[in-house]
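What you see is a predicted model; the values in this text were computed from it and never measured. Values reported hereafter were calculated over all heavy atoms of this structure, with side chains retained and with hydrogens, waters and symmetry mates removed.
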Amino acid sequence: MSLGIRKVVVVGLVAGVFVMANALVIAGWLADRGLVDWAASIRREFLTGTAIAVILALLILLVPAARSGRSIWGLAKR
């Protein structure tokens, strides 16, 4: 692991700690801006059980072409 990657990891961890330490402040700020209510209305309108099932099915079926044949036949040959 190079020094640059180590620095990025450390900065990311420090930023993550700051965000986690201020989670309540960030949540309060988002609620004051009205984003929490907006997200709740989006979830009620568009993320029904059927929509979530379709999204998950598409994500499962979305396999790169190079891996689709290799993984199935590789398991069958072993």
Side-chain angles (χ1 to χ4, degrees):
M1 187 182 308
S2 70
L3 182 61
I5 293 174
R6 288 181 188 168
K7 288 180 181 180
V8 169
V9 168
V10 169
V11 169
L13 288 173
V14 169
V17 168
F18 280 130
V19 168
M20 293 302 290
N22 293 312
L24 291 176
V25 174
I26 293 169
W29 180 75
L30 290 173
D32 289 342
R33 296 284 182 191
L35 291 175
V36 175
D37 296 330
W38 176 75
S41 68
I42 294 295
R43 185 187 51 139
R44 273 193 311 269
E45 295 294 324
F46 299 109
L47 286 181
T48 62
T50 305
I52 292 173
V54 168
I55 291 169
L56 289 177
L58 289 174
L59 287 175
I60 290 170
L61 294 174
L62 186 64
V63 178
R67 289 187 55 202
S68 63
R70 184 178 59 184
S71 64
I72 293 171
W73 294 111
L75 291 174
K77 289 180 183 177
R78 290 183 186 166

| query | How many angstroms lie between atom CE of M20 and atom CD1 of I26, to the nearest 0.5 angstrom? | reply | 9.5 Å

| query | Out of curiosity, T50 OG1 to I55 CD1, how far, rounded to the nearest 0.5 Å? | reply | 11.0 Å

| query | Taking all non-hydrogen atoms of both residues, which atom of I52 and which atom of L47 are closest, and how far apart? | reply | CD1-O, 4.0 Å

| Given the rule that I, L, V, M, F, W and Y join up when any side-chain heavy atoms are under 4.5 Å apart, are L56 and F46 in one cluster? | no

| Are L35 and V19 co-members of a hydrophobic cluster defined by side-chain heavy atoms under 4.5 Å apart? | yes

| request: Evaluate the criterion side chain to side chain contact (heavy atoms under 4.5 Å, CB included) for residue pair V14 and F18; output intermediate values, then yes/no. | output: CA-CA 6 Å; V14 169; F18 280 130; 3.5 Å; yes

